[in-house]
Each structure stands twice: as C-alpha cells, then as structure tokens.
Amino acid sequence: MKPKRIALVGCGGLGHEIAAGIKAGQAGNYTLCGIYTDQPKLTAACSETFGCAAYLTSEMMFLDKPDLMIEAAGAAALKELLEPAVKNQVDVIPLSVGVFSHRAYMDHIRQMAETHGTHVYLPSGAVGGFDLMGAAALDRELSVSIHTEKPPQALADAPCLAGRILPDHETQLVFSGNAVEAIEVFPQNVNVAVAVGLATVGADNLSVTVAANPDLHSNRHTIDLKGEFGHARIQISAAPSSNVHSSKLAAHSVISLLKRLDSWICFM
Ligand SMILES: NC(=O)C1=CN([C@@H]2O[C@H](COP(=O)(O)OP(=O)(O)OC[C@H]3O[C@@H](n4cnc5c(N)ncnc54)[C@H](OP(=O)(O)O)[C@@H]3O)[C@@H](O)[C@H]2O)C=CC1
Ligand SMILES: O=C([O-])CC(=O)C(=O)O
C-alpha cells in the first residue's frame, strides 16, 4: 500500500522527535512529505535533515496535498492552519490541544470536519489513560482534577507569572482554577489539562492546580477521577524534551497514535 503522506508543522523539541520517529519507520507506513515552520531558515535546515520538502508558506503545504498534518508549533499556528486543513480534507494530529478549550470553537470545528469528512485525532500527549477516562465519563456524577508540577524553569515565562521569579528552594502553588482558565495563563504547560477535560467533564469543569517544584527533574501530572465507577489515579513523571517546557512523551504519543491508525489490530 502507498504510504500516507505527512506534513509536519513546527520543528522544535517535539517536532524533531516526531520527524525522526517517522523517518525511522517507528510510526508504520508513512512518509514525511514536508515541513513548515514560521522561519524559512529553520524550515530549510529541518527539511535537509529529514530529507523532505521545505514548505515556505502554508499554501505550499496544502498544494502538496498531504494526507495528514501534524501540528507541533503552538496554539497560534494551529488556529491559523486547522480550518484550511479541515476544508482541504487533510486529517490533523494537533499537539496544542489547548485551542479546543472553548466549547463554541470546538463545535465550529466539529461541524466543519463533519461537512468535509476530515478527522482530528487528539494524541494522549504528556499523559495517558484516555481509554479509562472515556469509560469513567459515562458516569453522570464524575469529578476530575489534574495537579501539574514542573520544575520552575519549565514554567518560567508563562503569562501567569508576569515575570515573577519562582523560588528555587520550595514548592509553590502558582495556579488554581479550571482548564479553560489554566491554558490562558500557561499556554505551553497545560495542554494536557484541556485534553483531560475534553475526555471527561469538559475543560470548564476540570479542576486544575499547577505548582513549581524545584526538586523535580521531570514534569509530573497527577489525574484523579471519582465517580460511581470508583476512583482512579493516573500519575506520570515525564522527562523533558530538548524544550524544557514539553515532555518527550508527547512526541512518542504522536508516533504511537500514527501506529494505531496504521495497524489492523490495536489498543484503543
Ligand atoms: N498535548 C500535549 O500533551 C503537549 C503539547 N505541547 C505543545 O506542543 C507544541 C509544540 O511543543 P514544542 O515542540 O515543545 O515547542 P517548540 O517551541 O520547541 O517548537 C515549536 C516549533 O514551531 C515553530 N513555530 C512557532 N510558531 C509557528 C507558526 N506560527 N507556524 C509554524 N511554525 C511555528 C517554532 O519555530 P521558531 O522556534 O522559529 O519559532 C518551532 O520550530 C506547543 O504548543 C506545546 O505547548 C507540549 C507538550 C505536551
Ligand atoms: O509536556 C508536558 O508535560 C505538558 C505540557 O507541556 C502541556 O500539556 O502543554
């Protein structure tokens, strides 16, 4: 069978890992047809490294007719490219899942995707257990929370901190609210919270706390689900990628998702 053609948007910490995994054949029967970033020099360098086309504009990318677009570039890029991808029947795997935090935007994209027969596949990212979350979400009375702890350097620069320097000797709680509010002020740190919200009680009903923990060398996410089904706790300590904000596991989750989409048998 002809390999499916993938266009990659963004080639930073996670994008590099994803491109390398596809090139190494870890994902299955796919070919990386091209890379698009907002920096032509970076695009050219990455396209040379991974032996694929350099898309200097997003129009070039869509003219090349990829089957699938993977976004590893940030919320602004995803917001710009999602609608054209859906209209061009290019399936999408987005990492900046936070853009789906608002129900109205989600409904708008859903209607467009249904009209055009396009799929948006959300990866498990830096966490996991979405099968369990989907099952637990069948309970009418479900409460879900996520507590995210990261080393201070992984939270630095977030709008929530407004330039404040985090202590290097004690843990500090820096946010408490729901996932819609959380992604506004930690756009590079809590896409996982929005994903968990979408999979369960809605981003606006998910309790989120974020703490800076100087003793950590990984990103720790603890998810609690309580309902008629019982209680589940999922805790992940995920090693950072070359970008200190993001866990390497998020790149692996995209490769694993591609593998499932390409397999005759798979864990769902
Ligand atoms: N769902 C999940 O569980 C997780 C999601 N994420 C999210 O994944 C995304 C990627 O993360 P990561 O790889 O660490 O980020 P990086 O900052 O390391 O890489 C982003 C890449 O995208 C490029 N880029 C930035 N803006 C645009 C644009 N408008 N159009 C095209 N390319 C652009 C950057 O280029 P340049 O450097 O030149 O700006 C860079 O190559 C982020 O939004 C992050 O928050 C991260 C971890 C977990
Ligand atoms: O990588 C992580 O640990 C989580 C993250 O940044 C995000 O969800 O945006």
Side-chain angles (χ1 to χ4, degrees), residues 7-20 34-47 49-50 54-61 69-82 84-85 93-101 120-130 146-151 153-158 179 182-199 203 206 208 210 213 216-223 235-254 256-257:
L8 175 66
V9 181
C11 203
L14 300 182
H16 250 90
E17 294 276 344
I18 294 166
I35 292 179
Y36 171 64
T37 82
D38 56 344
Q39 305 286 338
K41 274 193 182 155
L42 174 71
T43 307
C46 292
S47 76
T49 304
F50 294 110
Y55 303 129
L56 298 180
T57 62
S58 57
E59 288 78 13
M60 273 177 79
M61 175 171 71
M69 178 183 91
I70 296 175
E71 174 277 324
L78 181 58
K79 276 214 163 143
E80 183 192 325
L81 300 173
L82 186 56
I93 299 182
L95 270 166
S96 305
V97 177
V99 306
F100 297 111
S101 66
V120 177
Y121 301 107
L122 302 188
S124 51
V127 291
F130 285 90
I146 180 168
H147 180 54
T148 287
E149 293 164 90
K150 290 196 174 191
Q153 65 273 19
L155 296 170
D157 308 330
I183 193 73
E184 290 289 325
V185 293
F186 282 109
Q188 288 185 287
N189 293 109
V190 295
N191 287 283
V192 285
V194 174
V196 170
L198 293 177
L206 180 80
V208 183
V210 180
N213 181 341
L216 284 185
H217 299 287
S218 59
N219 300 316
R220 190 158 67 199
H221 304 285
T222 308
I223 300 159
Q235 186 174 75
I236 296 105
S237 289
S241 67
S242 60
N243 174 351
V244 69
H245 297 99
S246 305
S247 303
K248 202 171 172 165
L249 184 65
H252 289 356
S253 82
V254 173
S256 157
L257 170 51

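Just so you know, ligand 1 is whichever comes first in the structure, and atom 1 is the first atom listed for that ligand. Below, each value reflects all heavy atoms present in this structure, side chains not excepted, and no hydrogens, waters or symmetry copies. Residue numbers run from 1 in the order of the sequence given.
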Using heavy-atom distances, let me know which of Asn191, Leu122, Val99 sits nearest atom 6 (N) of ligand 1. Asn191
shortest atom 26 (N) of ligand 1-to-protein heavy-atom contact is with Asp38 OD2, 3.4 Å
Below 4.0 Å from ligand 1: does a non-hydrogen atom of Ala76 turn up there or not? no
Any heavy atom of Ser253 closer to ligand 1 than 4.0 angstrom? no
Under the side chain to side chain donor-acceptor pair (under 3.5 Å) test, which residues partner His147, sequence neighbours left out? Thr209
Which atoms of ligand 2 are found less than 4.0 Å from any heavy atom of Asn219? 3 (O)
Hey, is Gln188 one of the residues with a heavy atom under 4.0 angstrom from ligand 1? yes
Look at ligand 1 and say whether Ser241 reaches it with a heavy atom at a distance under 4.0 Å. no
Checking the N or O distance criterion of under 3.5 Å, is ligand 1 in contact with Ser96? yes
Considering only heavy atoms of Leu42, which atoms of ligand 1 have at least one such atom less than 4.0 Å away? 35 (O), 38 (O), 41 (O)
Any N or O of Val192 that comes nearer than 3.5 Å to an N or O of ligand 2? yes
For Gly125, counting its heavy atoms only, list the atoms of ligand 1 lying under 4.0 Å from any of them. 2 (C), 3 (O)
Out of curiosity, is Ala126 lining ligand 1, as in a heavy atom under 4.0 Å away? yes
Just heavy atoms, cut-off under 4.0 Å: does Thr148 contact ligand 2 by side chain, backbone, both, or neither? neither
